[in-house]
Structures are given as structure tokens and as C-alpha cells.
Amino acid sequence: MEKTFDSIQEKIHYLEEHACENETLGVTYSEKSSLFKVWSPLAKQVTLNLYETGNEKNNSLIEQIEMTQENNVWKVSVDRNLNGLFYTYKILHFDGKETETPDIYSKAVGLNGNRSAIVHLENTNPINWNNDKPVRQTSITDAIIWETHIEDFSSHENGGFSQEYRGKYLAFTEENTYLYGDATSEISTGTSYLKDLGINYLHLLPAFDFENDEQNTQYNWGYDPKNYMVPEGKYATDANDPTVRIKEFKQMIQSLHKHNIGVVLDVVYNHTFTYDYSCFTRTVPDYYYRHNEQGELTNGSGCGNETASERKMMRKYMIDSLIYWAKEYHIDGFRFDLMGLHDVDTMNHIRQAFNDAGMEDIILYGEPWNAGSVEIYEPNVPADKYHLGELAEGIAIFNDEFRDSIKGPVFDAQKGGFLQGANGFEDSAFMNGDIIGSLLANTQIEVGDFRLPEDKNWSKSPSQIINYASAHDNLPLYDKLVKSLRKDDTYERDEELIQINKLNAALLMTAQGGIFMQAGEEFARTKFGDDNSYQSSIEVNRLDWYKVQENKDLVDYYKGMIEIRKAYPPLRDQTNQTAEKIHFTELRENILAYTIPNIIEKNPKWKQMAVIMNTSWTPEMIELHSDLPLPEEWTIIANRHTAGLDSLGVQVGHELLINPREVLIFVSE
């Protein structure tokens, strides 16, 4: 078949007309035969290459087998047991160019992901894998998500992890690890620490196969996609054996599930590390990427290219690979990097695909922005903050307004927000109304004694919102506090900053929406002022478990606030019922007082909650207001030092003095 096209757009139109959305692509393995299928409608010839080894530097070619085209899919069945071999496709394209590529649908790969592997997946299952059950919450508003990088988690020698497991998947399987490996220590580390903290989801920075030397120690966050359906080999104890990374990844999941912690995988479909040498380009040139009218690559990712989620086969690929991770690896949720570069229809199709598969409780959330210009054109619209109303129920976004109004803008280290007591000052971009809107998941403008600006209710319900103060990007919370409140770059414990960190916990855990934390936010994690540590040393990025001991009061405060959040269902209401009844008293800047009624439980333990916070430098007399009758007596469950379910005393009446840098949380029994 000889084809010529006047433009890339004409070529894309042709390929869209020859899509095969119902085909099962990749290799289907059995001990008797393996069926290979690859979509490449414009190819003139496709050959299956079988190799003895997975290292592309080894010339271990065993056999080349011609494939035949049927309904735009190239196929061949090899009727013998190929378990343990490796393969690629050699593709002769319509324009005469020839490429060799791993399978886009690789389920296993050799070293560095340059050759696909044929494995019997059942043999990669850990003992009792079939009894492993996903750990999921009823709604994303029940989620308390803790974000970490696999190497960060266990690379520090003071974490008590086995030396051979540091920076690896298997560190998450180690039970009862302690600070400095001292079993008599009261300071747990690792998975035991997470269980004790009370989080219910672990968010892993990219752990699929990304572009790197898997035998090199160079640090990388992993936002360099290569093979989307395979675990990264660097975190396995043997990157050469394609089964080891799969089994050890499953062991990690199994261990976290044992501790009732779900696992969220950070997925990066918006770009690939390279364009020219990606599996996508080598298989179907141009198709999987966006171009402008001049045929040039668009770059909304800031990484040199962006994928085209609105195309039929890219959309299919995203859905197929996500469902595969959920079924094969028992993943509990997905976080979409630069989700604003995907189109709304694709995200809604992904949500529907999980629902149709009986996985309505898989959580989905993403970044509602991009890193450049938006080249998504009508009828497609980007899945960003401005099109949140068009996203299906069950897709949430990061609330950058909460992030910035609580601690100041991420791109200006010296400027503060509510926590620093900076609201209302001449150089501040924020006012109390900004943080109030975010505490209500940006669903309301009528908030009690006053009215918020019209642009503060851009969300349909709290189930669309993930609130957070810090993430792997930009400065950790503690470093932001140092930069905005200290005159020197000293990142040791500072009593004032620790206190402000506690105030963050109180605000975050009493907000409507899902909750997200950067690993170590709760023990004043520092990266020593590095605001973009994606390739910095492991010494900068790793978790220093000594901080858990040094800042035990802060850890205990976060733990107590998590207990409070779990104990009071109105804080986790996925509907607007609670948000509509939360009453804010109108106060001067940097002082908040709000009551949260319990109207969703029939026989509640607590009928009402009150939160009062002062981040200013002077005391303030406040009076609580509520849409419900106020009790004569409140039970105090949190103050500036302690938070939890135990009574810290009684507050009589509704008027009180709130001191600077103070927080008080009351409940009515």
C-alpha cells in the first residue's frame, strides 16, 4: 500500500479512520503459544524479533518471524513456549524508513526497558497474592494521602531498613523497622510508621519504567516515561530479570494492603521522555503526539512534546494500561501528572471504564494545569480547573488555591499566606476569603456572617477537590516557612515554625475535600531550600527518620488531627450538605472561627465542631456563630500543643480570647 499525505493532519485523519479500539494488543502468552498483535496501519511490513537476552547491547537474536496484517493490526502466533525470551518489532514504514521498537503494550521488559519480555505473569505472584484485596475508601473525601518517592522512603541509613532493600520496593515489606535499627526504640519507621500515623493511601511518585540507567545511582523523580505498563527496574533487587521487578512491586502492594493502606500510582501520560525514539513514534510515527498547523511538535508539558489523549488509540492505550495496573497489581488509585494536557472526554472515559469494571472506588485525581500552551481544540476541551464542571463524578483535582492561600505562592519563596499571618498586608496576594473558600472545597460563597467573592465557588462538590499544603514540587512546607519567616537559611528545628506547622495540620484536616500530604510534612521535612529536587542528590531528597524523634510533638499533632478527621464524618462529607451549613464568623485578617454542624449522622457522638485559629501577632476576642443552636459547654480536643480524641478540658459559652499562633478545636457531645 503506497500512501502519501499533504500534511500531518491528513495523516492523523487517515489513522483515526483505521483505529482498532476493540482489539487486545500486545502479547497474549500461554505455555503452548504466544499471540503478538501491534497496531500500525501504515506499515508496509512488520517482523517479530525474538531474543535470548533483554540487554540490547547483546546480539542475541534467535529468530525473525514475519507478521501479517488483518484489519490494520499486524499479528503472528508462535506455537511453542516462549517464556523467558525477549522481543521487539521491526517495522518498515510506508515512507521507506525502518525502525525497531519494544512493544508499546509491553507487560515486562529487560534491562533499561529496551526489549520487551515474555513472562508467565502468574509466576510473578507472591505467596497468597490471590488473597490480596484492594484497600479503598468509599469516597475520595475519606482519603488521607501521603506522597513519597520509592528511594526517598528508605534510603537513609537511620531508617533501620536492610541495606539491600534501601531505595527498593522491598523496603515497604519490612516489618517493625525502627530508628537506627534499635528494636527498643519507640520511634517506628517505614510501613509501621505509616500505619501508626493513620494515613490510608500511599501515593508513589512514578514507579513505571522511565528513561534511565537502571544500574546507575543517579537520582530521578521518574517523570521521564518510557514503558507505561511495567514497573521501574532501578527499584528492584535485580533489574536484569524482568520477573523480579514485577514480583517485588506486587510484594510492596501486598505489604501496604496488609496495613490497610491503599496505593496510588502517579501516571505521566502527557508526554514521553523522548519523541524520536519513543515506542509510540517508532510504531506509528506522528500519531500519538500533538502538532501545530505547521507540523511542529507542541510542548504543553515543557518536556519537548505532548501526547494527544483525544486520539482514539491514545485514549485506548491510557484506558487499557490503567485497567491493567488495577487488575494485575491491585492498584487503588491514580494521580495524573499535568491532567490539564488531557481532554475531558478521555478522563471521563477512564472514569467510566473503571466503573464498568466494578471499580467505582478507584480514586482518580490530577493536576488541573499544564506547563505551556494548550493545543487542545474544540470539540475537545482540556481537563483543567476551568472545565471542572464537565469532569465526571469521581475525578478530583489538586486545589492550588488552598496550597497558596494557606502558606503563600509557591513561586515566591519569601511571600506568605494565612499561616504566616501575612493576609491583608500590602505585598500579600491573599485575604481570609481565599482560605475560607478553599476550606469549603470552593463550593460556597455564602459562608455565615459574610459573602465570598463570586469566583470562590468553582467546584461542584468536595468530592472534586484534593486539598494540600505541599507536594514533591516546589519547597516542602517547612522550607517555605523558613524562607518566608526567617532571615537566614537555617533548617533546624525552630519552635515558632513547628507551631505554625501544627496550625497547618489543624486547617488541612478540618477542610472539606480529600487530604494530601507530602511525605514528612508532619515531621518538618526539609530539602534545605531546594525547590526542584528532581535530579538532586539522594542526600537532599531522602526522608531523615531522625526528624520523627526530633519533632515527635509535631508528628503526634498530625496523628491526632487525623484521628479527629476520621472521627467526625461531616469533615469527610462528599456532598455539599455540610459545606452549606459551615458558619464563619467575620473577623479581621489572619483570624478564623467556624462551626461545622453534624447534620449527616442520625445519632452522632459529636453534634457540632468549632475551629478557632489566630495566626496574627495579637490576641483577639471572638464570638462563635452557627446555623444551629450553640451548646452551653464545649469539649476541647485540640489546642496549640495537642490534638486527638481525648478531652483537654471544657470551654463554657461562645465568647473567648484566642492568643497569637493559637488554635482551638471544640466539640459538643
Side-chain angles (χ1 to χ4, degrees), residues 134-147 194 197-203 260-262 264 332-333 335 360-365 393-399 402 406 435-444 447 459-469 504-517 521-522 557-584 594-611 626-628 637-638 643-645 665-668:
V135 176
R136 298 170 187 163
Q137 304 302 314
T138 303
S139 167
I140 200 166
T141 54
D142 293 311
I144 302 171
I145 304 164
W146 199 81
E147 178 207 48
L194 297 182
L197 182 62
I199 59 114
N200 51 28
Y201 283 101
L202 185 74
H203 169 142
N260 291 316
I261 298 171
V264 173
D332 304 288
R335 176 266 195 192
E360 297 92 344
D361 51 2
I362 286 267
I363 61 171
L364 304 176
Y365 58 97
E393 186 70 27
I395 302 173
I397 66 169
F398 285 100
N399 192 347
F402 187 100
I406 199 172
I435 187 64
I436 290 172
S438 295
L439 287 166
L440 296 169
N442 288 102
T443 62
Q444 311 294 317
V447 298
S459 170
K460 290 186 292 187
S461 72
S463 63
Q464 289 192 305
I465 295 299
I466 296 287
N467 292 313
Y468 72 117
N504 174 74
L507 277 176
L508 186 62
M509 296 301 167
T510 57
Q512 299 288 291
I515 302 301
F516 176 100
M517 301 158 49
E521 182 177 306
E522 75 285 359
Y557 199 91
Y558 269 81
K559 180 181 174 183
M561 284 307 310
I562 289 172
E563 290 176 342
I564 289 171
R565 183 171 181 84
K566 288 181 175 180
Y568 196 53
L571 298 176
R572 299 176 280 109
D573 191 351
Q574 62 184 302
T575 73
N576 287 327
Q577 290 183 82
T578 298
E580 290 172 351
K581 296 295 183 181
I582 294 177
H583 193 115
F584 281 81
Y594 49 105
T595 51
I596 309 166
N598 193 342
I599 58 174
I600 62 173
E601 285 189 294
K602 289 184 178 179
N603 297 298
K605 175 185 176 183
W606 297 335
K607 294 181 180 179
Q608 199 161 183
M609 176 179 286
V611 181
S626 175
D627 285 357
L628 300 182
I637 57 171
L645 303 183
I665 299 180
F666 306 149
V667 290
S668 62

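Keep in mind that the numbers below use all heavy atoms, side chains included, and drop hydrogens, waters and symmetry copies. Residue numbers start at 1 and run along the sequence shown.
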Backbone N or O of [Y] within a donor-acceptor pair of the [X] side chain at under 3.5 Å?
X      : Y      : answer
Arg565 : Gly560 : no
Gln444 : Ile582 : no
Asn467 : Asn399 : no
Asn200 : Ile144 : yes

Test item: side-chain donor near acceptor, [X] and [Y], under 3.5 Å:
X      : Y      : answer
Gln574 : Ser461 : no
Tyr568 : Thr510 : no
Glu522 : Trp146 : yes
Asn504 : Tyr558 : yes

Just wondering, do [Y] and [X] contact through their side chains at under 4.5 Å, heavy atoms?
X      : Y      : answer
Leu194 : Leu202 : yes
Thr443 : Pro462 : yes
Ile363 : Tyr201 : yes
Ile465 : Tyr365 : no
Met609 : Ile665 : yes
Asp142 : Lys566 : no
Ile436 : Tyr594 : no
Phe584 : Leu440 : yes

* Rounded distance [0.5 Å steps], NE2 in His583 versus CG in Leu628 ->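 Rounded to the nearest 0.5 Å, the NE2-CG separation comes out at 11.0 Å.
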
* Asked: In a check of side-chain hydrogen bond (donor to acceptor under 3.5 Å, both in side chains) between Asp573 and each of Asn598, Thr578, Thr141, which one passes?
  ->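 Result: among Asn598, Thr578, Thr141, Thr578 is the only option passing the side-chain hydrogen bond (donor to acceptor under 3.5 Å, both in side chains) with Asp573.
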
* Kindly write out the residues that satisfy salt bridge (Lys or Arg N to Asp or Glu O under 4.0 Å) with Asp332, not counting sequence neighbours, or none if the list is empty. =>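 Counting only residues at least two positions away or on another chain, Asp332 forms a salt bridge (Lys or Arg N to Asp or Glu O under 4.0 Å) with Arg136.
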
Looking at [X] and [Y], what are the two nearest heavy atoms and their distance?
X      : Y      : value
Gly198 : Ile562 : O-CG2, 3.6 Å
Glu563 : Gly644 : OE1-CA, 4.0 Å
Ile140 : Ala396 : CD1-CB, 3.8 Å
Gln512 : Ala441 : O-CB, 3.5 Å

* **Set of residues satisfying ring pair (Phe, Tyr, Trp, His ring centres under 6.0 Å) with respect to Phe516, sequence neighbours excluded** =>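 Counting only residues at least two positions away or on another chain, Phe516 forms a ring pair (Phe, Tyr, Trp, His ring centres under 6.0 Å) with His203, Phe398, Tyr468.
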
* Chi angles and distances behind the side-chain contact (heavy atoms from CB on, under 4.5 Å) call for Ile564, Leu645 -> CA-CA 6 Å; Ile564 289 171; Leu645 303 183; 4.2 Å; yes

